[in-house]
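Since we're looking at a predicted model, the values are computed, not measured. Each chain gets a letter, A, B and so on, in the order the sequences are listed, and its residues count up from 1.
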Amino acid sequence: MIEDRQTDILILGSGGAGLFAALHVHQANAGLDITVASKGLLGKSGCTRMVQGGYNVALHKGDSVERHFMDTIEGGKWLPNQQLAWTLVTKAIERVQELENEIGCFFDRLPDGTLHGKAFAGQTFDRTVHKGDLTGIEIINRLMEQVWARPIKRLEEYRALALIPDATGKAVAGVLFLDMRSGQFCYVAAKAVLLATGGGPTMYRYHTPSGDKSVDGLAMALRFGLPLRDMEMVQFHPTGVLAGRNTRMTGTIIEEGLRGVGGYLLNGAKERFMFAYDERGERATRDIVSRSMFAEMRAGRTTPQGGLYISMGHLGPENVRRQFKGMVERCADCGFDLAGGLVEVVPTAHYLMGGVVCNVDTSTEVAGLYVAGEDAGGVHGANRLGGNGVANSTVFGGIAGETMSTDIAKGLDRRSKDAQALAAEVARAEMPFARKAGDLNGLRERLLDLMWEDVGIIRDEPGLNRALDALAQLEDELLATGVADSNRAFNLTWSDWLNLRSQIDISKVFAHAALKRENSRGAHFRSDFPDPGDLATSRFTIVRQRDRRLEVSDAPVEFTIVKPGQTLLKGQEAAE
Amino acid sequence: MSDVIAVSIWRGRGEGRYVDYEVPRLDSQTVLDVVTYVQRHLDPTLSYRFACRVGVCGSCAMTVNGRPRWTCRTHVEKVVADGRVEIGPLANLPVVKDLATDMTRFFEKWQQAKGAFTPSKTRHDKVAHIMPASPARVEVDKAIECINCGVCYAACDSVRWNPDYLGPAALNRAWTLVNDERDAGNKARLAAVAAAGGCHSCHTHQSCEQHCPQAINPTASIAGLKQRTLGAYWSGALT
Amino acid sequence: MTLRLYLLQRLTAALMVPLIVGHLATIIYATHHGVSAAEILGRTRGSLGWALFYGLFVLLAAMHASIGVRSVAADWTSLRGRPLTILMWGFGVLLLLLGARAIYAVVAS
Amino acid sequence: MSGLNQRLHTAGHRRDLFWVAAIVHRVSGILLACFLPIHFLVLGLAIERTAALDGFLKWTELPAVKIAEAGLVFLLAVHLLGGIRVLLIENLTWRPSQKRLATAAIGTAGVVALLFFLRAL
Ligand SMILES: Cc1cc2nc3c(=O)[nH]c(=O)nc-3n(C[C@H](O)[C@H](O)[C@H](O)COP(=O)(O)OP(=O)(O)OC[C@H]3O[C@@H](n4cnc5c(N)ncnc54)[C@H](O)[C@@H]3O)c2cc1C
Ligand code: HEM
Ligand code: SF4
Ligand code: F3S
Ligand code: FES
């Protein structure tokens with residue numbers, strides 16, 4: 001039995017992108033029926049909440065959108081879609097003002113009462129607006145209150161399973177859900193659907209995103225036939241906590257500021273090693289530090305748990321305790337003394353630059369389907385600047401809201417679903433109940449390790465091929481492994497199975513895209529092709545699924561605003 | 001020190017019982033890890049909720065040995081007593097299943113306390129100048145980092161005894177807005193928190209501030225509201 | 001509890017502080033110095049001052065305690081709405097009457 | 001409260017000093033509310049009935065009455081101090097020294113009451 005419902009606008013995900021979209025639809029047309037579905041509780045799941053550093057915006061005196069734009073393009077190694085990036089940096093200004101003036105976020109100020117902008121690596125201006133080092137809590141709590149305050153329907157702990165096409169197969173008719181609390185299926189028909197499930201590279205041994213994210217949105221899009229771009233671009237953060245395999249805390253971030261103020265990275269022999277890789281030492285950019293750490297680990301100079309150390313004691317434990325109170329407490333919860341002792345760290349998978357190919361107005365090649373936030377590709381290119389992530393989800397979430405209501409005003413209407421496709425998707429989700437229960441945890445552990453080793457920070461052709469074989473093997477095993485059908489209500493083990501399925505699907509896409517890119521740019525490093533290649537002829541990868549097969553291709557980056565070697569900054573500005 | 005922990009976990013909905021499990025003691029193990037271990041290795045149907053696993057989403061709160069806590073940031077060694085831990089759902093909220101509660105009422109009350117910002121400007125205006133050292137802003141900063149975990153709500157006997165009471169978290173949020181000079185809704189907000197079930201239903205048990213994992217002090221925020229509403233009443237702004 | 005009841009209860013509480021401290025002090029002083037009950041009654045009899053002192057105390061206590069009883073009953077019993085109000089008023093009036101009678105006995109008889 | 005979990009999962013907070021202080025305050029208030037009317041009643045009745053003062057005074061010497069009266073004073077002292085504590089928390093700017101304040105209040109109450117008990121008996 002599948003419960004049938006309908007709505008005008010269906011939003012998948014309640015992060016910055018999803019909630020902003022809901023608010024903007026409501027503002028554009030309060031008469032529309034809006035539904036936000038989320039795998040966790042509204043606003044309490046996903047990564048927008050986890051933002052620590054802050055939000056990039058060119059609002060400060062002396063800064064300019066051109067400068068923000070150039071930082072974004074250069075950070076992205078000339079791969080970003082320039083129209084998307086330009087929209088990001090220009091709209092961010094209005095968005096921050098909206099967050100402050102209408103939503104109620106209360107960002108930190110300078111003593112003169114104006115917004116404080118802090119320094120973030122890889123940027124030529126201190127433009128990151130923040131609330132302490134828990135900026136995400138401030139942003140998402142305020143958004144969530146505004147959504148609760150409006151007649152917006154919430155489907156909490158509703159897991160989207162599949163986008164269901166209409167009879168033509170060219171438009172989306174609705175979404176199949178699992179009501180996790182009851183274990184029942186539910187189909188929601190909608191005029192417009194927004195995909196905002198937040199990507200998230202959770203298939204790596206060490207990863208930062210929240211546990212509810214398992215690239216479901218990307219997997220659904222792939223299955224629907226949508227093109228995914230830049231999927232080889234997985235950002236790693238240098239300092240994830242390494243507290244062993246037995247704790248979910250492993251992989252979560254400890255702050256970059258620690259290296260910024262002069263923290264040391266040490267290898268297993270307690271020696272500093274960063275200067276052997278880069279003259280900036282610990283203060284090099286995220287990708288370089290991560291890569292150097294990984295190389296050091298591969299060389300076997302690790303701590304007992306297989307990682308490295310961060311050491312702050314030389315800065316004075318009292319100082320560290322005062323300046324990084326939250327981090328010191330967090331480490332203490334894993335049993336580490338950050339202020340005076342050594343904390344084991346590893347690079348950790350953080351963010352997906354890649355995602356669904358979309359237009360500046362968030363529309364996709366499928367009628368009725370829109371995409372925003374980390375699920376969307378093209379904004380960041382080969383690397384995301386710290387502080388551009390939440391800007392991306394809020395800017396484009398809002399735009400999606402406006403686009404969807406405009407399109408509905410122009411006549412976008414509900415389409416009737418392809419019932420066969422729906423039935424097939426239900427069968428796909430129920431599959432594990434027909435199999436004998438098995439060792440899901442073993443499968444997950446293998447996936448985490450294989451992605452970490454062969455599709456991680458340093459890649460090469462043999463490794464990627466090895467990974468593809470292993471992924472195919474894992475998929476076969478997963479499909480043969482069941483879940484006991486004793487109680488479907490709030491069944492997290494069933495959820496684990498479904499998560500693994502999405503993760504394996506998208507892991508394959510990573511590996512294919514990484515094989516395709518035979519050069520090294522930003523987050524993607526091929527030891528067999530270490531050079532960045534010619535910038536002027538840059539191409540981006542595209543992976544899509546047709547007839548159950550992955551098609552891998554690439555396309556030239558269009559330099560619509562600025563070409564490699566040029567800048568938008570005026571003479572003096574550029575010289576600074 | 002024994003190498004297993006005797007774990008008792010609540011199974012069921014409103015009606016239910018504690019079921020015993022044995023979980024190996026492991027390094028760096030949090031209470032959430034213990035619960036995860038049971039689901040992964042001992043009983044795949046165990047239900048619980050978590051998301052961020054680092055103390056920012058407020059999804060994972062449970063009752064651990066009689067006290068509400070965030071479980072992802074609670075090291076088991078800190079709570080294990082005589083080799084045992086008892087893990088139940090949060091109190092004062094209906095149980096969805098096992099360790100997961102339905103937080104709807106909690107958020108409805110947040111709205112009832114007018115816990116959403118009321119704008120006085122638009123996105124086309126400049127961001128307000130606010131002095132970071134101004135007393136009102138200092139008050140806001142003290143109370144703003146709430147993760148809406150519901151721990152205080154579960155610890156408060158006034159909530160338990162008076163289901164209409166809005167509770168510490170909602171009132172704490174209202175207090176931050178009362179001190180927000182950009183907000184235009186404070187007349188209605190003060191009326192809302194002064195109504196039956198509002199701040200005057202707090203009997204200063206202080207369990208909220210004792211248990212808040214973010215070291216927020218809702219007792220102080222509620223006291224602030226009590227003063228502010230009285231002031232408004234004297235001056236005739238509240239009737 | 002509503003704002004007005006809260007205000008009244010806290011106000012009466014604050015006003016009672018000096019009265020009760022005075023009352024307690026008298027009792028402690030009396031027992032400490034072996035003052036007999038007869039002497040005390042002798043002093044209070046016919047004294048308008050004492051009549052006012054205890055009168056005020058009884059009035060404040062009646063208001064304060066009746067509101068208190070109401071909030072405890074709201075928390076710890078299943079009473080809601082009107083019955084609570086009746087309980088509050090009933091208790092207040094009872095305390096007032098009995099108090100008045102006691103003062104009359106102590107001061108006037 | 002249908003729908004709420006019937007079992008009280010959370011009880012640890014009832015061992016906290018602050019919570020105990022609040023409950024002692026509440027219980028002393030209720031006990032006062034129970035005894036004060038009786039106290040008034042007895043006072044009024046006693047003086048009226050015995051007409052002559054002597055009878056009343058003899059009556060107040062009874063140990064049971066003495067203990068009851070002492071108990072009333074004890075409750076009054078405890079509730080007074082607890083009440084002042086609440087008024088301070090509610091009306092002063094919050095200071096972390098409250099914990100000590102609470103302890104001090106309850107402690108003093110105990111000492112005063114004890115003192116009185118000893119004298120009275
Ligand atoms: C620890 C950490 C720190 C970060 N710090 C910064 C920073 O300082 N600055 C910055 O700019 N960026 C930062 N980022 C990145 C930033 O958080 C993300 O880019 C951004 O929040 C993504 O927003 P989103 O709305 O796309 O997705 P999310 O906020 O992740 O939300 C995704 C939503 O989709 C839901 N969902 C997932 N799958 C399904 C499904 N199958 N069905 C229904 N719902 C589903 C989730 O439950 C969730 O509600 C950080 C990320 C992490 C993890
Ligand atoms: C100086 C004297 C007194 C002071 C300062 C005082 C103070 C207070 C305060 C502040 C409260 C509110 C507690 C709360 O809601 O958190 C209270 C409650 C109460 N008081 Fe008093 N009080 C005093 C005397 C009395 C007397 C004489 C009585 C009884 C006759 C009394 C009976 C009560 C009752 C029944 C409550 C309700 C308890 C509760 O709500 O928890 N009080 N008192
Ligand atoms: S005030 Fe503290 S305990 Fe209460 S919901 Fe907020 S963070 Fe949780
Ligand atoms: S525990 Fe409850 S009674 Fe008041 S001080 Fe906190 S809200
Ligand atoms: S899982 Fe997010 S607070 Fe514990």
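B:Lys97 touches chain A through its side chain: at least one heavy atom from C-beta onward sits under 4.5 Å away, while N, CA, C and O do not. In this structure, the portions of B:Gln39 lying under 4.5 Å from any heavy atom of chain A include both its backbone and its side chain. For B:Thr176, no part sits under 4.5 Å from any heavy atom of chain A, backbone or side chain. Heavy atoms of B:Val127 lying under 4.5 Å from chain A belong to its backbone as well as its side chain. Neither the backbone nor the side chain of B:Tyr37 comes within contact range of chain A, judged by heavy atoms closer than 4.5 Å. Both the backbone and the side chain of A:Asn246 come within contact range of chain B, judged by heavy atoms closer than 4.5 Å. Of the atoms belonging to B:Leu177, not a single heavy atom falls under 4.5 Å from chain A.
Between B:Arg182 and A:Glu100 there is a salt bridge, with a side-chain nitrogen of the basic residue lying less than 4.0 Å from a carboxylate oxygen of the acidic one.
For the set B:Ile130, B:Val96, B:Thr45, the count of heavy-atom pairs under 4.5 angstrom toward chain A peaks at B:Ile130.
When all heavy atoms of A:His207 and B:Arg53 are compared, the closest pair comes out as O-NH2, 2.7 Å. The two residues A:Arg181 and B:Arg49 make their nearest non-hydrogen contact at NH2-NH2, 3.6 Å.
Residues meeting the side-chain contact (heavy atoms from CB on, under 4.5 Å) test with A:Val51, sequence neighbours left out: A:Thr135, A:Val390.
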